[in-house]
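Computed over heavy atoms, backbone and side chain alike; hydrogens, waters and symmetry mates excluded. Quick note: residue numbers are just sequence positions, from 1.
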Amino acid sequence: SFAVTARPPGGSEPVRLAELGPGTLFGEVALVSRAPRTATVTALEEGEVLRVAAEDLEPVLAAHPELRRALEALRDERAAATISQLLGRRA
């Protein structure tokens, strides 16, 4: 499992946003948006991670726009939840 944390604006302590289990993906914000990473993911136990570079995934996303839409939807959902958590509100 992996912990997902981020620092709120002006905050000194990171906020735990989620715990990810087997088969969960992360890094979709940076991958789809080509933006800087918005959170830190830390392993809580030994595990395996598959890393895919954006330049390797781009041809797949171009050939399968439904996959790009799914990643964008996941990005948007997680971004809304993150903003709510960092601002102290429920999503």
So do the side chains of [X] and [Y] get within less than 4.5 Å of each other, counting heavy atoms only?
| X | Y | answer |
| --- | --- | --- |
| E72 | E77 | no |
| V4 | T40 | no |
| R69 | H64 | no |

According to a hydrophobic-cluster definition based on side-chain heavy atoms being under 4.5 Å apart (Ile, Leu, Val, Met, Phe, Trp, Tyr only), do [X] and [Y] belong together?
| X | Y | result |
| --- | --- | --- |
| L44 | F2 | no |
| V29 | L86 | no |
| V41 | L50 | no |

Show which side-chain atoms of residues 15-26 pair as donor or acceptor with protein atoms under 3.5 Å away, not counting sequence neighbours.
unit_1: R16; atom_1: NH2; unit_2: E19; atom_2: OE1; d: 2.8
unit_1: T24; atom_1: OG1; unit_2: G21; atom_2: O; d: 2.9

Problem - Minimum heavy-atom distance A62-R68, with the two atoms named - result: N-NH2, 4.2 Å
Fill in the blank from the handout: For A30 and R37, the nearest pair of non-hydrogen atoms, with its separation, is CB-NH1, 3.1 Å
Handout entry: Inter-residue atom distance D56.CG - E58.CD, 0.5 Å rounding
Key =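 It is 10.5 Å, given to the nearest 0.5 Å.
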Exercise for the section: To the nearest 0.5 Å, tell me how far L71 CG sits from S33 OG. Expected result: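 Here the rounded value is 10.0 Å.
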Completion exercise
Sorted by chain and residue number, the salt bridge (charged side-chain N to carboxylate O under 4.0 Å, His left out) partners of R78 (sequence neighbours excluded) come out as E28
